[in-house]
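We count residues from 1, following the sequence as given.
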Amino acid sequence: MKTAIVFLICLLLARGSRAQEAGNVFIITTDGFRWQEVFSGADSILINDPAYVKDTALLRQFFWHADPVERRKKLMPFFWTVIADQGQLYGNRNFSNKVNVKNLYKISYPGYSELLTGYADPVPVFNTPTYNRYTSVLEHLNRQPEFQGKVAAFSSWNIFPFILNAEANRIRINSGYQQLEGRDTGSMLINRVQDSILHKTNTRHDLLTYMAAREYIQRHHPRVVFLGFGQTDDFAHQGQYDMYLQQAGNFDRMIAELWYYVQTDPFYKDNTTFIITTDHGRGSKPSRWSKHNVFTKGSGEIWLALIGQAIEPMGEIKKRQKIYQNQLAATIASLLGEQFLPRHPVAAAMPVPSLVPRNITASRNAARSNALSGASEEVKTAFE
């Protein structure tokens, strides 16, 4: 009898420790958003250029401040209040803190593929509907018993089913103007709004992507979510710096709202990590800001933000270091207590000590104490 009790307690302790290590992860991206705006706010030259801004005086009222620290808060208040206080931000090259893409091409498909597979494919796929030859960390996680059926991806860009190789896995993927499958009121309303848009492109409005993801998250509580926004890149390519900034502000607000939701939902509260980044940079010179490719300097320069139960609150990281985009896939898996070991090469997880889940020892001790409460002295002695 004593042996059976000891075995049961061991099982409870293992489950408690595993739950504390795993948690939930949301990977959130906004396409082609520069590190310059993340860390310094609106560009002083571009915000005053009528070639890129319809009303320079009005846009300055929204986003301008002489101090770049205050300026970035005006553009992205959630980033520079909550994340800067409770999380980590990487990529401010003014301090030689660098986050770079590893792929040669510095465009979207190779960037997202690198981010999610951990491998910078030397063979180019130029943003075409081509199924990915490599396994994403989302696909890998969905094959694990603990996460099976609990992985979902929502994106504005309609190429993501190919990047995530939708033919080869059962991840719930909703991209572009794809209809939501639910028959609930929220899903049907979003579908009607999508149907009413006359001029659809290959990138859905980010707000609709957010609403679709939020509806699904509230109803199904997935453990792993990929949420990819696209309009920052669209407006940049169109040379609309005013709309690019406004969409960045919208991105910040949507993340803030989503963070508030997960912190007030018992399923996610204090057990969820956000990884926020972009797929590529853009031209670092004002004359090249709207472009990105292998020939445009600055296109491989990106940034990274993290916040959640597994992240030490270190704020803006100012030490000299270099992180690569291909390290994120293994980092995502490690935050969930998993190893990402597909058949293709994968870069190691970020070598940052603070990415070890916090208070695991304390959590295990608490679980142990709870499990042993009421046990006999003989059983308690077996665990001393």
Side-chain angles (χ1 to χ4, degrees), residues 24-31 103 105 107-121 123-183 187 190-191 194-195 200-206 208-217 219-230 233 275 277 279-280 325-326 328-330 332-333 336 338 340-344 346:
N24 315 287
V25 168
F26 286 31
I27 307 106
I28 308 171
T29 64
T30 185
D31 201 300
N103 73 81
Y105 309 103
I107 59 176
S108 290
Y109 192 122
Y112 288 118
S113 179
E114 178 184 335
L115 190 162
L116 294 169
T117 67
Y119 179 59
D121 189 357
V123 179
V125 179
F126 293 120
N127 294 348
T128 58
T130 303
Y131 284 107
N132 203 332
R133 298 182 297 161
Y134 303 101
T135 301
S136 76
V137 67
L138 303 185
E139 181 179 348
H140 167 79
L141 290 169
N142 199 52
R143 291 174 181 169
Q144 311 311 308
E146 186 173 355
F147 299 99
Q148 191 169 39
K150 299 175 183 177
V151 180
F154 290 80
S155 70
S156 297
W157 194 31
N158 64 4
I159 299 296
F160 267 96
F162 300 92
I163 298 172
L164 295 173
N165 203 5
E167 278 193 335
N169 60 72
R170 296 183 178 180
I171 298 172
R172 176 60 61 90
I173 303 173
N174 181 274
S175 294
Y177 285 97
Q178 179 183 349
Q179 295 279 289
L180 302 185
E181 296 180 6
R183 304 305 300 170
S187 297
I190 293 169
N191 287 339
Q194 291 189 157
D195 287 340
K200 296 181 176 70
T201 68
N202 61 358
T203 302
R204 172 170 55 187
H205 289 287
D206 285 343
L208 288 172
T209 299
Y210 172 72
M211 292 172 63
R214 172 75 181 265
E215 189 73 22
Y216 184 86
I217 291 165
R219 289 186 171 275
H220 300 284
H221 289 97
R223 297 280 308 280
V224 183
V225 177
F226 175 82
L227 182 52
F229 297 112
D233 189 66
I275 299 175
T277 188
D279 55 329
H280 57 73
Q325 188 177 53
N326 63 354
L328 294 182
I332 292 163
L336 293 166
E338 299 285 342
F340 181 41
L341 298 172
R343 294 180 179 179
H344 58 77
V346 173

Ring centroids only, cut at 6.0 angstrom: are F226 and F160 within range, meaning strictly under it? yes

Please determine, by modelled atom types, if E114 and N103 share a side-chain donor-acceptor pair under 3.5 angstrom. yes

Check I27 against I332 and note the closest heavy-atom contact, atom names and distance. CG1-CD1, 3.7 Å

Is it true that a side-chain atom of H344 and a backbone atom of T135 form a donor plus acceptor pair closer than 3.5 Å? yes

Just one of Y119, F340, Y112 clears the ring-ring contact (aromatic ring centres under 6.0 Å, His included) bar with Y134, so which one? Y119

What class does the angle between the rings of Y210 and F229 fall in, given that below 30° is parallel, 30 to 60° is tilted and above 60° is perpendicular? tilted

Going through the distances and angles, do V151 and R172 end up as a side chain to side chain contact (heavy atoms under 4.5 Å, CB included)? CA-CA 7 Å; V151 180; R172 176 60 61 90; over 6 Å; no

Return the CZ to CG distance between R133 and D121, rounded to the nearest 0.5 Å. 4.5 Å

Report the distance from atom CG of L336 to atom CD of E146, rounding to the nearest 0.5 Å. 8.0 Å

Over all atoms of both residues, closest heavy-atom pair of S175 and W157: CB-O, 3.6 Å

Check for a donor-acceptor pair, side chain of R204 on one end and backbone N or O of S156 on the other, with a separation under 3.5 Å. no

Can you name the closest pair of heavy atoms from A329 and V137 and give their distance? O-CG2, 3.5 Å

For the atom pair CG (N326) and CG (L115), what is the distance rounded to the nearest 0.5 Å? 9.5 Å

Would L164 and E139 satisfy side chain to side chain contact (heavy atoms under 4.5 Å, CB included), going step by step from the backbone distance to the final call? CA-CA 8 Å; L164 295 173; E139 181 179 348; over 6 Å; no

Please answer whether the main-chain N or O of Q194 pairs with a side-chain N or O of K200 as donor and acceptor at a distance below 3.5 Å. yes

Atom OG of S155 and atom CG of N174: how far apart are they, to the nearest 0.5 Å? 7.5 Å

Can you find a side-chain donor-acceptor pair between H221 and N24 that sits under 3.5 Å? no

Does N165 offer a backbone N or O that forms a donor-acceptor pair with the side chain of N169 under 3.5 Å? yes

For residues D279 and S108, report the shortest heavy-atom separation together with the two atoms involved. OD2-OG, 2.7 Å

Using side-chain heavy atoms (C-beta onward) and a distance below 4.5 Å, is P342 in contact with T117? no

Given side chain to side chain contact (heavy atoms under 4.5 Å, CB included), test Y109 with N132 step by step and report yes or no. CA-CA 9 Å; Y109 192 122; N132 203 332; 3.6 Å; yes

Between P110 and N127, what is the shortest heavy-atom contact and its length? CD-OD1, 4.1 Å

Does a donor on one side chain and an acceptor on the other come within less than 3.5 Å for D195 and Q179? yes

How long is the straight-line distance from CG of D206 back to CG of L227, given to the nearest 0.5 Å? 8.5 Å

Donor on one side chain, acceptor on other, N142 and R223, under 3.5 Å: no

Which of T209, L208, T201, T203 passes side-chain contact (heavy atoms from CB on, under 4.5 Å) with H205? It is L208

Smallest separation among heavy atoms of F162 and T130, with atom names: CB-O, 3.4 Å

Apply the test side chain to side chain contact (heavy atoms under 4.5 Å, CB included) to residues Y105 and V125: give CA-CA distance (whole Å), side-chain angles for both, the deciding distance (0.1 Å), then the verdict. CA-CA 9 Å; Y105 309 103; V125 179; over 6 Å; no

So how far is it from H280 NE2 to Q325 CD, rounded to the nearest 0.5 Å? 9.5 Å

